[in-house]
Amino acid sequence: MFPKASLTVAVALALLSSATPVVQETGTRIPFVKRSFITNEDGTFNHAEALKQTVRTHNKHRQNMINLEQNMGREAFPEGAEIKPVMHYNATSHHGKRQKEPTTDQGGDLEWTGPISIGTPAQSFTIDFDTGSSDLWVPNSACTSSTCSSKHKYDAAESSTSAKKSGTFSIKYGDGSTVSGPIYTDKVSVAGVTAAGQYLSPVTTLSSSFGGDPTDGILGMAYPAISSLKQSPFFNTAFSQKTAASNVFAMKLAQSGSELYLGGTDASLYTGSIEYHPSTQRFWQLSNAKALVDMTVANSGFSTIIDSGTTIMYGPPSAVKTFYAKVPGSAVYDSNAGYYSYPCNALPTISFNWGGKNWVISSANFNLGMTSAGSNRCIGALAGQDLGLGNNVWLLGDSFMKNQYTVFSFAQNAVGFASLS
């Protein structure tokens with residue numbers, strides 16, 4: 001059994017500015033659950049679960065590139081981007097052993113989840129809010145596989161606002177199975193923010209890789225350009241229908257007091273101004289990044305995708321090798337998966353910069369766990385992996401996001417960072 005941690009959705013009910021901090025006087029807050037898989041209860045690195053996450057992240061972004069090609073053409077691909085083959089999980093590929101499953105949360109956060117409702121009357125689901133994808137899917141009442149047995153299931157026949165659409169939805173996963181199903185529209189609500197006629201897929205086939213997952217499905221919060229459904233994602237629809245107060249949402253991901261804020265920013269959760277940087281209108285992707293070890297620039301001139309749907313950070317293998325060369329005592333831990341180890345008690349200050357301040361990753365958030373019980377070596381949260389996103393594109397997941405307040409502005413097509421209060 002996993003413990004619960006506080007993650008909240010806050011919904012702005014008054015008009016907010018996307019450019020300046022505004023104290024929200026009224027709103028709706030709903031507790032959310034954080035689940036941990038990557039760090040075992042004894043503080044060691046759960047190698048098997050980390051590899052599973054790498055496979056899922058690889059295949060998610062493989063599908064994103066397929067969607068981008070179908071929606072905008074190959075000319076929309078960054079230099080060096082490609083549609084990679086499906087990655088498969090091999091349980092015996094890491095030192096020939098499996099790590100034990102965790103039983104308590106030790107900070108190796110995998111997903112940030114919360115409730116949504118679909119249909120009329122409302123059918124409730126627990127959802128992973130993912131800034132690295134753009135579609136909504138949940139299990140279908142017609143799904144009879146064992147993977148669906150513990151999930152909440154959507155029954156279109158029970159909703160007076162459902163409408164079946166043409167086409168199908170499908171994503172391939174590394175165990176050889178898929179998430180696939182028909183396409184519907186229906187009313188979708190998140191803490192009072194509602195999108196009528198929202199496109200979604202109630203999937204009839206659910207990959208076995210989701211069998212132990214605490215969530216029912218995924219709600220994507222990136223741009224329409226990477227939507228497999230080729231439709232407006234939930235938050236965009238809600239804003240267009242004027243149920244979200246502004247075209248901005250924000251996240252605080254932390255051990256306590258976590259929050260997803262829809263329709264603006266919650267100024268009680270951060271201090272100072274928000275440092276905004278322009279984003280592409282595909283992923284939440286920022287250019288001209290630098291990675292620093294202490295105050296020394298290890299890498300520069302690359303792009304970063306901010307993805308709440310993964311814990312681990314990824315960069316091109318050669319770039320990550322260059323990065324760890326600046327970390328004293330670091331060494332390759334898993335050459336295939338791109339993981340590195342370092343002395344647990346001697347991590348230098350790690351930060352990223354986009355032309356403003358250095359945004360530091362705490363030593364706790366950079367540490368995925370000890371290589372073995374009692375070891376003085378730990379696994380770094382940055383791994384070398386070619387996800388097909390481009391020659392010089394990195395992916396920054398929750399290990400980065402947990403260190404500051406993160407704002408996603410469709411109004412400015414920008415991502416902003418602010419210091420946590």
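FYI, side chains are in, hydrogens and waters are out, and symmetry mates aren't considered; it's all heavy atoms of this structure.
Between Leu389 and Ile305, some side-chain heavy-atom pair lies under the 4.5 Å cut-off. In this structure, the side chains of Val415 and Tyr276 stay at 4.5 Å or more apart for every pair of heavy atoms. Looking at heavy atoms from C-beta onward, Phe235 lies out of side-chain contact with Phe408 at the 4.5 angstrom threshold. For the pair Thr371 and Cys378, the minimum side-chain heavy-atom distance is 4.5 Å or more. Looking at Met313 and Leu395, their side chains never come closer than 4.5 Å, going by heavy atoms from C-beta outward. Between Thr54 and Ile312 there is a side-chain heavy-atom pair separated by less than 4.5 Å. Side chains of Ile118 and Gln198 form no contact here, defined as non-hydrogen atoms less than 4.5 Å apart. The closest side-chain heavy-atom distance from Phe249 to Phe129 is not below 4.5 Å.
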Quiz prompt | Steps toward side chain to side chain donor-acceptor pair (under 3.5 Å) verdict (Thr215, Thr126) | solution = CA-CA 5 Å; Thr215 64; Thr126 298; over 6 Å; no
Exercise. Please lay out, stage by stage, how Lys290 and Ser351 fare under the test side-chain contact (heavy atoms from CB on, under 4.5 Å).
Key: CA-CA 8 Å; Lys290 296 178 183 177; Ser351 63; over 6 Å; no
Quiz item: Hey, mind stepping through Lys187 and Ser189 against side-chain contact (heavy atoms from CB on, under 4.5 Å) and telling me if it holds?
Solution: CA-CA 7 Å; Lys187 176 183 176 182; Ser189 296; 3.8 Å; yes
Practice problem: Show the numbers, then the answer: is there a ring-ring contact (aromatic ring centres under 6.0 Å, His included) between Phe45 and Tyr339? | Solution: CA-CA 11 Å; Phe45 176 54; Tyr339 294 118; 5.4 Å; yes
Exercise. Please test Val393 against Thr304 for side-chain contact (heavy atoms from CB on, under 4.5 Å), starting from the C-alpha separation and ending with a verdict.
Key: CA-CA 6 Å; Val393 180; Thr304 53; over 6 Å; no
Practice problem: Would you please test Gln123 and Ser159 for side chain to side chain donor-acceptor pair (under 3.5 Å) and show each step? | Solution: CA-CA 8 Å; Gln123 301 174 40; Ser159 174; 5.1 Å; no
Exercise. Tell me, with the steps shown, if Met251 and Thr131 meet side-chain contact (heavy atoms from CB on, under 4.5 Å).
Key: CA-CA 10 Å; Met251 290 182 172; Thr131 64; 3.8 Å; yes
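In this structure, a donor-acceptor pair under 3.5 Å is present between the side chains of Asp186 and Thr161. A side-chain donor-acceptor contact under 3.5 Å links Asn67 and Gln63. A side-chain donor-acceptor contact under 3.5 Å links Thr237 and Ser232.
In terms of modelled atom types and a separation under 3.5 Å, the side chain of Asn358 and the main chain of Asn353 share no donor-acceptor contact. Ser117 contributes no side-chain N or O that, together with a main-chain N or O of Ala122, makes up a donor-acceptor pair within less than 3.5 Å. One N or O on the side chain of Ser149 and one on the backbone of Ser146 form a donor-acceptor pair closer than 3.5 Å. When atom types are taken as modelled, the side chain of Asn140 and the backbone of Thr204 share no donor-acceptor pair closer than 3.5 angstrom. No donor-acceptor distance shorter than 3.5 angstrom exists from the side chain of Gln53 to the backbone of Thr310, with no hydrogens or angles considered. In this structure, Thr271 contributes its side chain and Ser421 its backbone to no donor-acceptor pair below 3.5 Å. The main-chain N or O of Val55 is found under 3.5 Å from a side-chain atom of Asn59 such that the two form a donor-acceptor pair. With hydrogens and angles disregarded, a donor-acceptor distance shorter than 3.5 Å links the side chain of Asn46 to the backbone of Glu49. Of the possible donor and acceptor atoms, one in the side chain of Lys153 sits under 3.5 Å from a partner among the backbone N and O of Cys148. At distances below 3.5 Å, not a single donor-acceptor pair connects side-chain atoms of Ser134 with backbone N or O atoms of Gly220.
Between the CG atom in Asn403 and the CG atom in Asp398 there is a gap of 10.5 Å [rounded to 0.5 Å]. Atom CZ of Phe283 sits about 11.5 Å away from atom OG of Ser303, to the nearest 0.5 Å. Here the straight-line distance linking atom CD1 of Ile171 with atom CZ of Arg56 works out to 10.5 Å at 0.5 Å rounding. To the nearest 0.5 Å, atoms CD1 (Ile379) and CG (Leu368) are separated by 7.5 Å. Summarising the geometry, atom CD belonging to Glu259 is positioned 4.5 Å from atom CG belonging to Leu269; distances are rounded to the nearest 0.5 Å. Interatomic distance, Lys52 NZ to His47 NE2, rounded to the nearest 0.5 Å: 12.5 Å.
Closest non-hydrogen pair, Ile226 versus Ser133, comes out as CD1-CA, 4.2 Å. Considering all non-hydrogen atoms of both residues, Phe323 and Leu382 come closest at CD2-CD2, 3.5 Å. Listed here is the closest heavy atom pair of Asn236 and Ala222: OD1-O, 4.1 Å. Closest approach of Gly369 to Asn367, counting heavy atoms only: N-OD1, 2.7 Å. Annotation for Gly263 and Ala245: closest pair O-CB, 3.8 Å, computed over non-hydrogen atoms. The nearest pair of heavy atoms linking Ala383 to Ala337 is CB-O, 4.0 Å.
Heavy-atom contacts from other residues, nucleotides or ligands closer than 6.0 Å to NZ of Lys164 number more than 12. Counting non-hydrogen atoms of other residues, nucleotides and ligands closer than 6.0 Å to CG of Asn391 gives a total above 12.
Classification of the Phe352-Trp394 ring pair by plane angle, with boundaries at 30° and 60°, yields perpendicular. Ring geometry, Tyr342 versus Phe366: the interplanar angle falls from 30° to 60°, so the pair is classed tilted. Ring pair His152/Phe125 is perpendicular by interplanar angle, where above 60° counts as perpendicular and below 30° as parallel. The aromatic rings of Tyr405 and Tyr270 lie parallel to each other, with less than 30° between the two planes, well short of the 60° mark.
Ring centers of Tyr184 and Trp137: at least 6.0 Å apart, outside the cut-off. Between Tyr333 and Tyr340, a ring centre-to-centre spacing not shorter than 6.0 Å is recorded.
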May I have the list of side-chain donor-acceptor pairs in residues 74-85 shorter than 3.5 Å, sequence neighbours left out?
residue, atom, partner, partner atom, Å
Arg74, NE, Glu69, OE2, 2.7
Glu82, OE2, Lys84, NZ, 3.4
Lys84, NZ, Asp386, OD2, 3.2

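Identified under the salt bridge (charged side-chain N to carboxylate O under 4.0 Å, His left out) test for residues 294-315, with sequence neighbours left out: Lys60-Asp307.
Under the ring pair (Phe, Tyr, Trp, His ring centres under 6.0 Å) test applied with Trp354, the options Phe417, Phe302, Trp359 reduce to a single match, Phe417.
Tyr223 meets the side-chain hydrogen bond (donor to acceptor under 3.5 Å, both in side chains) test with Asn413; sequence neighbours excluded.
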